[in-house]
Asks: 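The structure is given below, and queries will be raised subsequently.
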Amino acid sequence: MKSSKQFSLRKNNSFNVKSICPIVYFPQTLSDLESLPDLSLSPFYILGEGSNTLFVDTQAPIIIKPDFKGIDITETTDNYFVRVGAGENWHEVVCLCINNGVYGLENLALIPGSVGASPVQNIGAYGVELSDFCVEVTWFDFSSKTLTILSNQDCCFSYRDSIFKNDLLNKGVITEVVLKLPKKWQANLSYSGLNELPLDTSARDVMNKVISLRQAKLPDPDKLPNAGSFFKNPIVSVDKLTSLKNIYPSIPFYSQDDGTVKLAAGWLIEQAGLKGYCKNHVGVHQHQALVLVNHESDYGKDILALAQFVQKQTYKKFEILLSPEVRMVTSHGERKFTDLPIVDWGK
Ligand code: EPU
């Protein structure tokens, strides 16, 4: 199996911070996975394209970077089935589908990252989530060294969450994802911005609109390093919303099926006065406050310090604790944001 020692991850994290791992493995086949060393006692982290990971330290743990390739489209009378290797790029799959007349993924265009990462955080945008299409995930179990097929239900998908972040965390690797796309297609134009499109719009037009909306709001990581939304949109009770509405009548919110309410973290951060905030070469993006950007720091610690500051300031104002969507990886492996020591970044 391809591997590399003392590997610089700088080009493998969209925050573009410095971090070196002792070894990185690039499994491409089942036998590569079977030959991985026993990592049960060593800190390690499974990395996709690094677009949702913050390497907090300049030393990273052992990295496994799945490199399973292949895209295969089959069809039945009513559906297309798209089987994709975990190492493929998500946006390229979306484009390939649209170019082949397979529609449904257009709202998820331009989301950075690999296919293998897409079920882990149940990627979502513009009213659509991966869980709407994902029917099967093939997963290699480190302890039994066998492949298991997980159904949509088995994956326990919810907002930016799945079994892979919980019960199956660090217990195996996703090798393939199967998506089911009904041939009877209907545009999903529910999200604001897309509702300007005519009802008889094409999937390609929806994709182009999603791309232009994303490009207008979200900085290109190649030009201004970032990891998309840094925090999840918080879910609160209706009572909490009611008390906030008394003070902020125009607060954006999205009612959930279970009676709770999702708030817009970007709005909360902006109201806390932090949009465009900048310190120690890192900052809060000036067009979308949910995105933390790296202007020119070499260190993940600077982004962490900023994120801790944003969390503290928004809590002070709203008594809502924002929780990161981005995964925190230290030299000892992945850690919960709240378990990381507060970084002192000066006055
Ligand atoms: N808003 C502000 N100020 C800001 C940012 C947003 O007031 O600085 C307000 C907007 O005006 C709007 C609301 O907040 O009323 C929601 O904003 P937006 O539509 O930009 O979406 P979001 O909730 O901030 C989520 C996802 C994005 C996804 C968009 C579009 C999360 C954590 N983020 O962002 O996903 O692209 O919706 O569907 O759920 C990502 O996960 O990396 C990501 C970019």
Side-chain angles (χ1 to χ4, degrees), residues 13-15 48-54 90-91 94 105-114 117-132 157-162 165 188-196 206-207 209-221 224-236 241 244-245 248-256 261-278 283-293 303 307 310-311 313-314 317-318 320 322-327 337:
N13 76 92
S14 62
F15 273 122
E49 292 181 9
S51 54
N52 202 41
T53 295
L54 177 63
W90 173 261
H91 179 65
V94 175
L105 301 179
E106 51 285 343
N107 296 43
L108 301 176
L110 217 63
I111 295 186
S114 67
S118 65
V120 178
Q121 72 199 78
N122 185 20
I123 57 170
Y126 301 100
V128 172
E129 287 187 340
L130 182 90
S131 57
D132 300 332
F157 289 123
S158 61
Y159 169 61
R160 294 296 195 273
D161 203 17
S162 73
K165 277 186 173 180
N188 183 333
L189 306 178
S190 55
Y191 205 87
S192 89
L194 295 184
N195 49 15
E196 299 163 2
V206 177
M207 179 166 90
K209 183 74 187 176
V210 166
I211 290 175
S212 69
L213 286 171
R214 289 188 75 98
Q215 284 174 338
K217 273 193 190 169
L218 300 167
D220 177 352
L224 183 55
N226 73 87
S229 301
F230 194 92
F231 295 97
K232 289 190 251 188
N233 283 332
I235 296 182
V236 301
L241 174 69
L244 285 168
K245 264 185 166 170
Y248 311 98
S250 63
I251 184 169
F253 66 92
Y254 314 93
S255 300
Q256 305 296 289
V261 182
K262 200 194 268 178
L263 302 180
W267 185 90
L268 298 172
I269 297 169
E270 181 173 346
Q271 295 300 310
L274 296 173
K275 197 171 190 169
Y277 179 86
C278 184
V284 176
H285 189 49
Q286 53 185 344
H287 300 312
Q288 163 53 291
L290 192 43
V291 179
L292 302 190
V293 294
I303 310 272
V310 169
Q311 192 195 46
Q313 296 304 109
T314 43
K317 190 162 174 81
F318 299 105
I320 294 172
L322 295 181
S323 151
E325 170 180 335
V326 172
R327 320 269 299 254
F337 185 68

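Whatever order the structure lists them in is the order used to number ligands and atoms, beginning at 1. Residue numbers count from 1 along this sequence.
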Asks: Say you draw a straight line from CD1 of I111 to NE2 of H91; how long is it, rounded to the nearest 0.5 Å?
Replies: 10.5 Å
Asks: Give the ring-plane orientation class for F230 versus F337, where under 30° counts as parallel, over 60° as perpendicular and anything between as tilted.
Replies: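 Ring orientation of F230 relative to F337: perpendicular.
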Asks: As an exercise, identify every atom of ligand 1 less than 4.0 angstrom from a heavy atom of Y254.
Replies: 13 (C), 16 (C)
Asks: Which residues pass the salt bridge (charged side-chain N to carboxylate O under 4.0 Å, His left out) test with E325, not counting sequence neighbours?
Replies: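 Testing E325 for salt bridge (charged side-chain N to carboxylate O under 4.0 Å, His left out), a comparison that skips the adjacent residues, returns R160.
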Asks: Can you check whether K245 reaches F253 side chain to side chain, under 4.5 Å on heavy atoms?
Replies: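 Yes, their side chains come closer than 4.5 Å.
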Asks: What is the nearest protein non-hydrogen atom to atom 38 (O) of ligand 1, stated with its residue, atom name and distance?
Replies: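 Scanning the protein heavy atoms, the shortest distance from atom 38 (O) of ligand 1 goes to Y126 N, 2.6 Å.
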Asks: At what distance is the nearest protein heavy atom to atom 35 (O) of ligand 1, and which residue and atom is it?
Replies: R160 NH2, 3.0 Å
Asks: Among all protein heavy atoms, pick out the one at the shortest distance from atom 29 (C) of ligand 1; state its residue, atom name and that distance to 0.1 Å.
Replies: Y191 OH, 4.0 Å
Asks: Give the numbers and elements of all ligand 1 atoms closer than 4.0 Å to a heavy atom of G228.
Replies: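 The list of qualifying atoms is 42 (O).
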Asks: Could you pull out every donor-acceptor pair under 3.5 Å between side chains of residues 261-272 and any protein atom, sequence neighbours left out?
Replies:
{"from": "E270", "atom 1": "OE1", "to": "K275", "atom 2": "NZ", "distance (Å)": "3.0"}

Asks: Between N226 and S14, is there a side-chain heavy-atom distance shorter than 4.5 Å?
Replies: no
Asks: Can you report which non-hydrogen protein atom sits closest to atom 3 (N) of ligand 1, along with the distance?
Replies: E270 OE1, 2.6 Å
Asks: Ignoring hydrogens and angles, tell me if any N or O in the side chain of N107 forms a donor-acceptor pair with the backbone of N188 under 3.5 Å.
Replies: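 A pair under 3.5 Å: yes.
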Asks: Does the protein put any heavy atom within less than 4.0 Å of atom 10 (C) of ligand 1?
Replies: no
Asks: Which heavy atom of the protein is the closest neighbour of atom 7 (O) of ligand 1, given with residue, atom name and distance?
Replies: W267 CD1, 3.2 Å
Asks: What protein heavy atom sits nearest atom 23 (O) of ligand 1, and how far off is it?
Replies: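 Ranking protein heavy atoms by distance from atom 23 (O) of ligand 1, first comes N233 ND2, 2.8 Å.
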Asks: Test of understanding: given a 4.0 Å heavy-atom threshold, classify the contact between F253 and ligand 1 as side chain, backbone, both, or neither.
Replies: neither
Asks: Please check if the side chain of W90 supplies one atom and the backbone of A117 the other of a donor-acceptor pair under 3.5 Å.
Replies: no
Asks: To which of G266, P112, S229, A289 does the heavy atom nearest atom 34 (O) of ligand 1 belong?
Replies: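 Checking each option, the heavy atom nearest atom 34 (O) of ligand 1 is found in S229.
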Asks: Number the atoms of ligand 1 from 1 as they appear, then name those within less than 4.0 Å of a heavy atom of R214, with their elements.
Replies: 36 (O), 44 (C)
Asks: Distance to 0.1 Å, residue and atom name: give those for the protein heavy atom nearest to atom 28 (C) of ligand 1.
Replies: A125 CB, 4.0 Å
Asks: Looking only at distances, please establish whether an N/O atom of ligand 1 is found under 3.5 Å from an N/O atom of F231.
Replies: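 Among all N and O atoms of F231, none is under 3.5 Å from an N or O of ligand 1.
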Asks: Is a donor on one side and an acceptor on the other found under 3.5 Å between the side chain of Q288 and the backbone of L290?
Replies: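 Looks like yes, one N/O pair under 3.5 Å.
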Asks: Can any side-chain N or O of Y159 pair as donor or acceptor with the backbone N or O of N233 at less than 3.5 Å?
Replies: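 A pair under 3.5 Å: yes.
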Asks: Quick check: does any side chain N or O of S162 sit under 3.5 Å from a backbone N or O of V120, one acting as donor and the other as acceptor?
Replies: yes
Asks: Below 4.0 angstrom from a heavy atom of P252, which ligand 1 atoms are there? Numbered from 1 as shown, please.
Replies: 15 (O)
Asks: Quick check: Y248 with F318 (ring centres under 6.0 Å apart)?
Replies: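 Close enough - the centres of the two rings lie under 6.0 Å apart.
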Asks: Check each atom of ligand 1 against the heavy atoms of A264 and keep those under 4.0 Å away; list them by number with element.
Replies: 13 (C), 14 (O), 16 (C)
Asks: Quick test: of every protein heavy atom, which one is nearest to atom 6 (C) of ligand 1, and how far off is it to 0.1 Å?
Replies: Q288 OE1, 3.8 Å
Asks: For Y159, take its heavy atoms, then give the atoms of ligand 1 lying under 4.0 Å from any of them.
Replies: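 Going through ligand 1 atom by atom, the ones under 4.0 Å from Y159 are 31 (C), 32 (C), 39 (O).
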Asks: Which of the atoms in ligand 1, numbered in the order shown and given with their element, are less than 4.0 Å from a heavy-atom of K275?
Replies: 3 (N), 4 (C), 8 (O)
